[in-house]
Amino acid sequence: MQKIKIENILKRKGKNPLICLTAYSSPIAEILDKYCDIILVGDSVGMVLYGMNTTKKVKFETMILHAKAVKNSTKRSLVVFDMPHNTYSNKFLAYKNAKRAMKLTKCDAIKIEGGKKISNTVRYLTKKGIPVMGHVGLMPQHSLNFILKGKNSAQRKKILEDAKSLFKSGVFALVIECVVESLAREITNEISVPTIGIGASKYCDGQILVTDDMIGLSNFHARFVKKYSDIRKTIEKSVKSYCNDVRQKRFPSSRNVYKF
Ligand code: KIV
């Protein structure tokens, strides 16, 4: 089992699609590690696990705990630490926090949201040896509205410029979230590092989804999410069976009891 490195990710541009998913815990990371090129410890953890209404409230220390859990159970996949809101507002703060995150969690890279405005920060971090994944289009740390981006020409132009600017500043991959298909295609054609789409069509070099959304554990529904299972239903069925067993005194049975 060979550890996936940044250079392996870069080589996948225009080749077989990169497989990426999110993880916040050891058991999920252990499963994903067998299949994913990249595991993102996303700040979506705030909304998915902690019931927050925005990712903006996620604390740095919370991300550290989840990233440690994920990294401890990962041998193969590249693990990316999602820098939470307000932890990279200038290049010096970004470096201080990114360095700390990488040191404490042993993650392989960090992700930050933003376009042209954070290009300076990206350049600074990459020059200092911190691999950075960018994130453009819909950026949950900037907006509470989950709406499609790139529908008008001004917005389209800006997102494309943002993507090009991040590429020039040294990102090794770029997440494109919730944009019209033709824009995703244009960005993928214009930059030479892999694009990773979430709600951004097949015209990306890889795909990412929030694992809890695609296994049907979270309550998030969007057109771009394909549900591969309905874990909520499975859990509910198990809980109901447990309740019945306890009420009927079928649990614990002799198999679950310690006898001397
Ligand atoms: O926080 C997250 O999970 C993300 C993905 C949706 C790309 O940023």
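All residue numbers refer to positions in the sequence shown, counting from 1. Start at 1 and go down the list; that is how both ligands and their atoms are numbered.
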*For ligand 1, find out whether one of its N or O atoms is nearer than 3.5 Å to an N or O atom of Y24.*
no
_ligand 1 atoms in contact with K111 (distance to a heavy atom under 4.0 Å)_ = 8 (O)
_Any donor-acceptor pair under 3.5 Å from D108 side chain to L78 backbone_ = no
*asked:* Under 6.0 Å between ring centres: does that hold for Y95 and Y88?
replied: no
_Using the rule given for salt bridge (Lys or Arg N to Asp or Glu O under 4.0 Å), can you reason through K157 versus E161, listing the C-alpha separation, both sets of side-chain angles and the distance that settles it, and then say yes or no?_
CA-CA 6 Å; K157 185 167 173 272; E161 278 174 11; 3.4 Å; yes
*Would you say the side-chain atoms of S77 and D33 include a donor-acceptor pair closer than 3.5 Å?*
yes
*With a 4.5 Å heavy-atom cut-off, do V175 and K111 have their side chains touching?*
yes
*asked:* Using heavy-atom distances only, which candidate in L40, D43, L21, I198 approaches atom 4 (C) of ligand 1 most closely?
replied: L40
*Does the N or O separation between T22 and ligand 1 drop below 3.5 Å for any pair?*
no
_Please list the nearest protein heavy atom to atom 2 (C) of ligand 1 with its residue and the distance rounded to 0.1 Å._
S44 OG, 3.3 Å
*asked:* Any nitrogen or oxygen of E113, side chain or backbone, less than 3.5 Å from one on ligand 1?
replied: no
*Please report the shortest heavy-atom distance between A69 and S26, naming the atom on each side.*
O-OG, 3.0 Å
_Contact atoms of ligand 1, heavy-atom distance to G42 under 4.0 Å_ = 1 (O), 2 (C), 3 (O)
*Between the side chains of N189 and R185, is a donor N or O closer than 3.5 angstrom to an acceptor N or O?*
no
*asked:* Under 4.0 Å, counting heavy atoms only: does H135 come that close to any atom of ligand 1?
replied: yes
*E177, any N or O under 3.5 Å of ligand 1 N or O*: no
_ligand 1 contact on D82 by region, counting heavy-atom pairs under 4.0 Å_ = side chain
